[in-house]
Amino acid sequence: MDSRSHTHVTAALRLCLHALLAGLLALVVVRAVGEGAADTAAVVVVTLLTAALYAAGAARSSSVQPKDSVQPTDSARPGTSVQPGTRAGAWWLGGLWVLWAALLVLSPDALWVAFPLYFLQLHFLPMRWALPAVVVTAAAAITSFVVHRQEIEPGAFIGPLIGAAVAVATVLGYDALFRESERRRELIVELVATRADLAEAERTAGTLAERERLAREIHDTLAQGLSSIQLLLRAAERSLPENAPATPHVRAAREAAQANLAEARSFVRALTPPDLEHGSLAAALERLCARTTAPELTVRFAVSGTPVELPTPYEVALLRTAQSALANAVRHAEARRAEITLSFMDTSVALDVVDDGRGFDPSGAPVPERGTGGDGGFGLPAMRARAGSLGGALSVESAPGQGTAVALTLPLPDTEGGRAA
């Protein structure tokens, strides 16, 4: 049995054990003196030696670890202190047993000291040695009673055996309770760490969502406005005579608008999702498929048509839609296969996410929220809102047991206006 000797519970149990042993040794001395036996002096001497040896070992054991510390028994060095599982502890316990055996020969009342000895043996010896030691101690107590009383009574056998059984059950029960408390403590530590990780993940998700919102707002307001101002100033500059007094001012205003437009674009790029910071949209979708893992799930990615440069809001909308649809396939659809296809056409770009999961009824009321489900996900209503803000459309085709297909189609922006912005 492992010792956790300085918890509050074990400290109280130790005090009870000390008091029990001291009281039983005192009983032996009092009975010997009161009866005026011939070997009273020997009983007193052996009893005092037993008490002295026990007190020395108990004091040595208590001074090794600081109060309220919890350390395994292997940390004690053999031969340096009286600790459970050490050679010094075994020798100390053996000395106590020898003195008790001598006391058994001198006085029949010494058999009661067997009860605290049971607990000491179970505490200081490995279980494979402690159980035989308890049996030997009980046998010695029974033999002493029979020899001294010169008669065989049921109580002579029942008392020591019941005491041994109670000691074993108590020690094993406490050990089981301690292990259970340790498992619960480890579980609590793990839950606290998990809660901290979840809080950090929520903060990161909130930061990314805010960055994405700011990028969309800057693109839809400042960048578009500056692009329109630049186009209007360029048209005004072309319509003015070459030597007109207002031409330099119009040119300077156009250049200022162009510089601020470049600055707004840099802000938008800095606020885009990390997956789009390094590489194209196709590369980001390919990385998304590679890192999406689930038991027996295969995710494939394909590009159709000739890729063209897309504005940042387009790339963000396509990436977020793919992330949400793929997350639904993993968490809700129990799919075994999913395919993401990015298609570039003459006037539009389309994203298709198809899985072979259990499907659902798109007309059901709770289903549109299954992507959001309280976890802050990007659900179907949010996908449709984003598609609508960019002039596109989102379609969902599904049926129970027939998989799900999510398709997002966005019109390609014109060259001078939307795409340039």
Side-chain angles (χ1 to χ4, degrees), residues 1-5 9-28 46-47 49-51 53-58 60-62 72-74 76 78 82-149 152-179:
M1 174 186 173
D2 290 343
S3 170
R4 306 299 189 272
S5 54
V9 175
T10 51
L13 292 177
R14 278 195 166 193
L15 291 176
C16 293
L17 183 61
H18 298 337
L20 177 61
L21 185 60
L24 292 175
L25 290 176
L27 176 64
V28 173
V46 177
T47 302
L49 288 176
T50 304
L53 181 60
Y54 179 81
R60 191 78 176 271
S61 176
S62 299
T73 59
D74 295 337
V82 180
Q83 286 294 294
T86 66
R87 185 175 301 174
W91 280 105
W92 174 73
L93 187 60
L96 282 177
W97 198 92
V98 170
L99 290 174
W100 173 71
L103 201 57
L104 276 178
V105 175
L106 298 173
S107 172
D109 297 314
L111 71 88
W112 304 110
V113 182
F115 295 102
L117 282 179
Y118 294 151
F119 288 98
L120 291 175
Q121 289 164 346
L122 291 168
H123 183 66
F124 278 87
L125 297 178
M127 192 56 65
R128 65 180 182 275
W129 298 109
L131 293 179
V134 169
V135 172
V136 171
T137 301
I142 295 171
T143 302
S144 171
F145 183 88
V146 173
V147 170
H148 283 284
R149 297 295 175 90
I152 299 178
E153 296 180 359
F157 295 88
I158 295 176
L161 291 179
I162 290 180
V166 170
V168 171
T170 301
V171 170
L172 292 180
Y174 174 77
D175 191 48
L177 289 175
F178 177 81
R179 277 187 248 225

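Numbers here are sequence positions counted from 1.
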- Message: Quick check: do Leu20 and Phe119 have side-chain heavy atoms less than 4.5 Å from each other?
- Response: no

- In short, Met127 meets Pro132 closest at the heavy-atom pair O-CD, 4.4 Å

- Query: Taking only residues two or more places apart in sequence, or in another chain, which ones meet Leu99 in a side-chain contact (heavy atoms from CB on, under 4.5 Å)?
  - Reply: Leu49, Thr50, Leu53

- Message: Taking side-chain contact (heavy atoms from CB on, under 4.5 Å) as the definition, give me every residue that meets it alongside Ala114, ordered by chain and number, with sequence neighbours left out.
- Response: Trp100, Tyr118, Thr137, Ala141

- Examine distances only and state if a side-chain atom of Ser107 and a backbone atom of Leu103 form a donor-acceptor pair shorter than 3.5 Å. no

- Task: For residues Val166 and Thr170, report the shortest heavy-atom separation together with the two atoms involved.
- Result: O-OG1, 2.7 Å

- Shortest non-hydrogen separation from Pro116 to Leu21 and the atoms involved: CG-CD1, 3.7 Å

- Query: How far apart are the closest heavy atoms of Ala102 and Val46, and which atoms are they?
  - Reply: CB-CG1, 4.4 Å

- Task: Report yes if some heavy atom in the side chain of Val28 is under 4.5 Å from a heavy atom in the side chain of Leu106; otherwise report no.
- Result: no

- Message: If you define the side chain from C-beta out and look only at heavy atoms, does anything of Tyr54 sit under 4.5 Å from His18?
- Response: yes

